[in-house]
Amino acid sequence: MKERLHSLQQEAEQKVAEAKNLADLQQVRVSYLGKKGPITEVLRGMGKLSKEERPVIGELANKVREAIATAIDEKKEAFEAAELDKKLQTEQIDVTLPGRPVQVGGPHLLTNIVTEIEDLFIGMGFEVREGPEVETDYYNFEALNLPKDHPARDMQDSFYITEELLLRTHTSPVQARTMNEFKGNKPVKMICPGKVYRRDTDDATHSHQFTQVEGLYVDKDVRMSDLKGVLNQFAKQFFGEEREIRLRPSFFPFTEPSVEMDISCKVCHGDGCSVCKKTGWIEILGGGMVHPDVLQMAGYDPKVYSGFAFGMGPERIAMLKYGIDDIRHFYTNDIRFLKQYDQA
Ligand code: 2NL
């Protein structure tokens with residue numbers, strides 16, 4: 001019995017020494033110390049021993065078991081320490097490496113243009129107001145001197161939702177709503193930026209959805225010269241002090257008289273080039289004196305009040321300012337395009 005136990009210890013210690021990894025060690029533990037292992041077997045067979053032998057063998061068996069367990073544990077610790085060492089070596093972090101750059105978003109080019117336009121008009125005392133994109137037929141057309149049978153309603157083919165509701169075709173209804181709200185007894189000096197919708201086929205210069213900024217100034221004694229002064233100020237601040245403006249007669253159903261404004265071409269300075277189509281001038285917006293019927297419908301007495309209004313397309317203005325050749329660039333959101341105008 002004694003010899004058996006001694007040789008078991010030797011054998012187990014030999015196996016521990018030979019173990020190459022944690023799995024090998026576990027194998028040794030199971031086969032020597034497990035429930036079906038030889039030591040357990042010895043302890044089970046103790047019943048057959050004499051009274052004198054029993055405590056001696058029992059003690060020895062326990063000692064052998066402890067010795068094997070200790071050998072296994074020590075080896076296990078050594079393996080674990082080696083493993084940790086290896087990990088520390090291979091998973092070393094170089095804290096001096098520069099970090100990976102974080103992609104930061106910024107405002108869209110159109111947002112920047114609209115903000116810039118807003119700031120210039122706020123500087124001239126205008127208030128920024130917004131309104132619904134789903135409009136009533138009344139505010140989108142009727143209140144702007146476009147009755148049901150008006151040919152201009154065909155001109156701006158619209159997205160109708162019901163007979164009475166449509167996606168607004170311009171931001172003018174925001175201004176008509178404001179005049180109504182002010183009940184014809186105080187001045188209105190506002191701009192209204194926002195999305196508008198028309199049933200157009202998209203191409204390089206047309207989009208079924210685009211942006212508009214309109215302006216309105218209604219007060220006593222507002223004249224065409226006020227419109228010209230405000231727009232001249234805007235053009236010079238937005239496009240550059242050296243730019244000239246000119247007004248040409250035009251037509252809109254909601255203004256009378258109506259004008260279109262051009263700015264001098266910065267490429268050829270009036271000599272004529274391909275950008276200005278050899279005219280020296282580039283059209284940037286439309287406007288005029290608010291039609292007396294529009295004032296009347298909104299509750300302003302056209303004998304007491306007068307006003308000017310204008311409208312521009314920020315996409316067109318951005319295209320002119322930066323030489324962008326296709327309006328679809330604003331909506332397809334190719335990050336390489338947008339990045340060029342990212343001021344962040
Ligand atoms: C253009 C021309 C224009 C207006 C918009 C307006 C609004 C009210 C009354 C009268 Cl409430 N007029 N807006 C007037 C003339 C021209 O826009 O070419 N826009 C892109």
Side-chain angles (χ1 to χ4, degrees), residues 110 113-114 117 121 126-132 135-136 138-147 150 152 155-156 158 168-182 184 187-198 200 205-219 222-224 226-228 230-231 234-235 238 245 247-263 282-300 302 305-320 327 330:
L110 259 180
I113 292 281
V114 170
I117 296 170
F121 282 100
F126 287 76
E127 182 190 358
V128 179
R129 293 178 72 98
E130 292 184 358
E135 257 303 353
T136 60
Y138 177 78
Y139 278 117
N140 194 76
F141 291 128
E142 208 84 17
L144 292 155
N145 203 28
L146 286 150
H150 198 286
M155 234 166 63
Q156 354 178 297
S158 344
R168 66 184 181 193
T169 58
H170 42 200
T171 52
S172 323
V174 183
Q175 300 176 311
R177 282 174 180 280
T178 305
M179 286 192 282
N180 264 53
E181 193 185 311
F182 287 8
V188 179
K189 198 173 182 188
M190 61 174 287
I191 59 162
C192 45
K195 289 184 191 131
V196 299
Y197 304 83
R198 302 214 181 149
D200 255 333
T205 52
H206 297 84
S207 174
H208 63 281
Q209 185 225 289
F210 57 101
T211 319
Q212 210 185 14
V213 178
E214 280 190 72
L216 175 72
Y217 179 28
V218 176
D219 204 343
V222 175
R223 302 149 191 235
M224 185 70 103
D226 296 314
L227 173 64
K228 191 170 179 180
V230 164
L231 293 181
F234 163 71
F238 191 86
I245 66 154
L247 299 181
R248 286 178 288 104
S250 185
F251 175 81
F252 299 105
F254 22 83
T255 45
E256 183 57 36
S258 302
V259 294
E260 266 166 332
M261 184 173 92
D262 299 337
I263 51 164
I282 303 163
E283 185 195 319
I284 62 159
L285 55 82
M289 298 309 292
V290 180
H291 196 290
D293 291 352
V294 173
L295 288 173
Q296 184 90 60
M297 278 186 276
Y300 281 80
Y305 282 93
S306 57
F308 69 66
F310 58 87
M312 66 181 100
E315 283 90 344
R316 181 175 161 75
I317 283 175
M319 287 166 86
L320 291 171
I327 197 169
F330 291 103

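All values reported here derive from a predicted model rather than from experimental measurement. We count ligands from 1, going down the list as the structure has it; atoms in each ligand are counted the same way.
Checked options Leu144, Leu216, Val290; the residue passing with Gln175 is Leu216 (criterion: side chain to side chain contact (heavy atoms under 4.5 Å, CB included)).
Within the set Phe251, Phe308, Phe254, the minimum heavy-atom distance to atom 14 (C) of ligand 1 is found for Phe254.
For atom 3 (C) of ligand 1, the closest non-hydrogen atom of the protein is Gly311 N, 3.5 Å. The nearest heavy-atom contact from the protein to atom 12 (N) of ligand 1 is Ala309 CB, 3.2 Å. Looking at atom 7 (C) of ligand 1, its nearest protein heavy atom turns out to be Gln175 OE1, 3.1 Å. In this structure, atom 15 (C) of ligand 1 lies nearest to the protein heavy atom Gly287 CA, 3.5 Å.
Heavy atoms from other residues, nucleotides or ligands lying under 6.0 Å from NZ of Lys189 number more than 12. For Arg248, the CZ atom is densely surrounded, since the number of other residues' heavy atoms within 6.0 Å is greater than 12.
Here Gln212 has side-chain heavy atoms under 4.0 Å from ligand 1, and that is the only part of it that gets that close. Heavy atoms of His170 found under 4.0 angstrom from ligand 1: none, in either backbone or side chain.
With 3.5 Å as the limit, one finds a donor-acceptor pair spanning the side chains of Thr178 and Arg129.
Atoms of ligand 1 lying under 4.0 Å from any heavy atom of Leu144, numbered from 1 in the order shown and given with element: 8 (C), 11 (Cl). Close contacts of ligand 1 with Thr255, meaning ligand atoms under 4.0 Å from a residue heavy atom, involve 10 (C), 12 (N), 14 (C), 15 (C).
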Worksheet item: Where do Glu130 and Arg177 land on the salt bridge (Lys or Arg N to Asp or Glu O under 4.0 Å) test, with the steps shown first?
Response: CA-CA 10 Å; Glu130 292 184 358; Arg177 282 174 180 280; over 6 Å; no
Practice prompt. Give the intermediate values and the outcome of side-chain hydrogen bond (donor to acceptor under 3.5 Å, both in side chains) for residues Asp200 and Ser207.
Written response: CA-CA 6 Å; Asp200 255 333; Ser207 174; over 6 Å; no
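Annotation: Phe310 is in aromatic contact with Phe121 [ring centroid separation under 6.0 Å].
Two residues are said to be in side-chain contact when any heavy atoms from C-beta on lie closer than 4.5 Å; Arg316 and Glu283 meet this criterion.
Contact annotation: Leu285 has no heavy atom less than 4.0 Å from any atom of ligand 1.
Considering backbone and side-chain N/O atoms, Glu214 comes within less than 3.5 Å of an N/O atom of ligand 1.
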